[in-house]
Amino acid sequence: MSAIAITDRDLSLFHYLHENKVASTKQITRDVFASSMDKTRKRLKKLRDADVLDVVCRDEDGDKSIVYNLSRGTAQFLKRLDPDLFFINRSKSNSVIHDLRLVDIRHQLTSKNLVTNYFSENSLQTSRDITKNPQYVSFRDLQVDALVELSNREGDHLFCALEYEASIKNMSEYTSKMKLFYLNSKVEAVLYVCKNKNIERAVKKAELNAIKDVPKKIYYALIDDVLKSSGPIIFQNQSGFFIEII
């Protein structure tokens, strides 16, 4: 890292980028800086010029704003501050647009009262504390996109895997993953967010091929419905049951 005075807000940004791997200027403005886009851009440019952040690309699937991740030096700086955050070294995205949409899904879900915990994929994989919690380790081993913990007023907890599907994969890959979800008792439900109806149909078909005559634990929603919802976010399984997140 080059010489630059790091503020508390910058540290919050570093943790945010570590958890999400990438984020756009728009997302950083919304989730971290809580300021105008102009002010965010100026600070991000200073951090970029000081080699604190790396520019990845632009959010071509969103508002075209610049996408950032942690520079290697900043990741090492963060590791020195909190070694337990880096059980393994892992900070780069292999699918930038996919991960950017997960940032938006996270923003929507964590705005709801029922969501009491949200662990991103990178948090699950790199945090030493996760490895000490048997409930969380199952989600880490399954390499889910996120773990979402729901809690109601009665104190009941529901531990859900979150998956975002942005393209149609090989049917055997879906089927294999479905079997793992159903075999793992720690995974009480799976919230499957799909980019469109064609993808949703493919995933649903794989679920029915993989699992017969058991209560369905996969709940589906389209990403547009998740991101545009100002009220409850509703997921529905293939048996007609709902999870309503308010």
Side-chain angles (χ1 to χ4, degrees), residues 12-33 37 40-41 44-45 47-48 52-72 74-75 88-111 115 118-126 139-140 142-148 160-171 173-174 177 190-204 206 218-229 233 235:
S12 294
L13 172 62
F14 299 164
H15 282 95
Y16 173 82
L17 286 173
H18 170 65
E19 291 171 3
N20 296 301
K21 292 184 283 191
V22 289
S24 70
T25 304
K26 180 180 179 180
Q27 292 169 333
I28 292 167
T29 301
R30 178 192 67 200
D31 298 337
V32 183
F33 281 13
M37 285 281 281
T40 300
R41 288 192 188 100
L44 291 176
K45 184 179 186 305
L47 294 172
R48 181 180 68 197
V52 172
L53 300 180
D54 288 338
V55 172
V56 180
C57 61
R58 288 188 179 271
D59 184 1
E60 297 298 339
D61 197 42
D63 72 333
K64 317 299 182 188
S65 63
I66 295 173
V67 177
Y68 294 89
N69 66 8
L70 295 177
S71 70
R72 183 175 180 179
T74 305
I88 61 172
N89 289 322
R90 190 175 186 273
S91 60
K92 303 299 181 183
S93 172
N94 294 321
S95 183
V96 173
I97 299 302
H98 173 272
D99 290 341
L100 287 172
R101 299 291 74 78
L102 278 169
V103 176
D104 291 328
I105 292 168
R106 174 181 184 167
H107 174 77
Q108 276 292 88
L109 288 174
T110 55
S111 72
V115 177
Y118 184 107
F119 297 99
S120 68
E121 179 192 15
N122 218 41
S123 294
L124 289 170
Q125 295 301 320
T126 66
F139 293 85
R140 181 181 190 271
L142 287 167
Q143 296 184 311
V144 298
D145 285 334
L147 161 59
V148 181
C160 308
L162 174 71
E163 292 286 299
Y164 171 51
E165 206 63 46
S167 60
I168 295 179
K169 296 186 175 68
N170 186 284
M171 189 59 64
E173 186 176 343
Y174 284 139
K177 193 156 197 176
V190 182
L191 307 177
Y192 237 105
V193 181
C194 298
K195 185 175 182 179
N196 57 49
K197 277 286 187 183
N198 287 336
I199 295 170
E200 184 180 85
R201 280 192 286 268
V203 180
K204 284 181 173 179
I218 314 292
Y219 291 76
Y220 299 89
L222 296 178
I223 188 168
D224 283 348
D225 294 333
V226 172
L227 297 186
K228 293 177 181 178
S229 175
I233 299 174
F235 291 81

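Position 1 is the first residue of the sequence, and the numbers go up from there. All values reported here derive from a predicted model rather than from experimental measurement.
For Lys197, the side-chain hydrogen bond (donor to acceptor under 3.5 Å, both in side chains) test picks out Glu200, with sequence neighbours left out. With sequence neighbours excluded, the residues forming a side-chain hydrogen bond (donor to acceptor under 3.5 Å, both in side chains) with Thr40 are Thr29, Ser35, listed by chain and number. Considering only residues two or more places apart in sequence or on other chains, Tyr16 meets the ring pair (Phe, Tyr, Trp, His ring centres under 6.0 Å) condition with none of them. Applying the side-chain hydrogen bond (donor to acceptor under 3.5 Å, both in side chains) criterion to Arg201, with sequence neighbours excluded, gives Asn198. Looking at residues two or more places apart in sequence or on another chain, you find a salt bridge (charged side-chain N to carboxylate O under 4.0 Å, His left out) between Arg41 and Asp38. Asp54 meets the side-chain contact (heavy atoms from CB on, under 4.5 Å) test with Asn69, Ser71, Lys92; sequence neighbours excluded. For Lys177, the salt bridge (charged side-chain N to carboxylate O under 4.0 Å, His left out) partners at least two apart in sequence or on another chain are Glu163. Residues satisfying the side-chain contact (heavy atoms from CB on, under 4.5 Å) criterion with Ser95, sequence neighbours excluded, are His98. With sequence neighbours left out, the salt bridge (charged side-chain N to carboxylate O under 4.0 Å, His left out) criterion links Glu121 to Lys21, Arg90. The side-chain contact (heavy atoms from CB on, under 4.5 Å) test applied to Arg30 returns Gln27, Val103, Asp104, His107, not counting sequence neighbours. Not counting sequence neighbours, the partners of Glu165 by the side-chain hydrogen bond (donor to acceptor under 3.5 Å, both in side chains) test are Lys169, Tyr174.
Taking the charged nitrogens against the carboxylate oxygens, Asp59 and Lys26 have no contact shorter than 4.0 Å, which rules out a salt bridge.
Of the candidates Leu17, Ile28, Ile66, Leu53 forms a side chain to side chain contact (heavy atoms under 4.5 Å, CB included) with just one, namely Leu17.
With rounding to the nearest 0.5 angstrom, the CD1 atom of Ile97 is 5.0 Å from the SG atom of Cys57. Atom NZ of Lys204 and atom SG of Cys194 lie 8.0 Å apart (nearest 0.5 Å). If you take CD1 on Ile199 and OH on Tyr164, they are separated by 7.0 Å, rounding to the nearest 0.5 Å. From Ser65, atom OG reaches atom CG of Leu44 across 9.5 Å, with rounding to the nearest 0.5 Å. How far CG of Asp99 is from CZ of Arg106: 12.0 Å, rounded to the nearest 0.5 Å. Leu47 contributes atom CG, which lies 8.5 Å from atom OH of Tyr68 (distance to the nearest 0.5 angstrom).
Using a 4.5 Å heavy-atom threshold, the side chains of Val144 and Leu124 count as touching. Residues Asp61 and Leu100 fail the side-chain proximity criterion, which asks for heavy atoms closer than 4.5 Å. Contact of the Arg58 side chain with the Val67 side chain is not registered, since no non-hydrogen atoms from C-beta on lie closer than 4.5 Å. Between Phe119 and Val148 there is no side-chain heavy-atom pair separated by less than 4.5 Å.
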I'd like a table of donor-acceptor pairs (distance under 3.5 Å, sequence neighbours excluded) in which one partner is a side-chain atom from residues 218-227, with atom names and distances.
| residue | atom | partner | partner atom | Å |
| --- | --- | --- | --- | --- |
| Tyr219 | OH | Asn237 | ND2 | 3.4 |
| Tyr220 | OH | Glu207 | OE1 | 2.7 |

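For the residue pair His18 and Ser123, no side-chain donor N or O sits within less than 3.5 Å of a side-chain acceptor on the partner.
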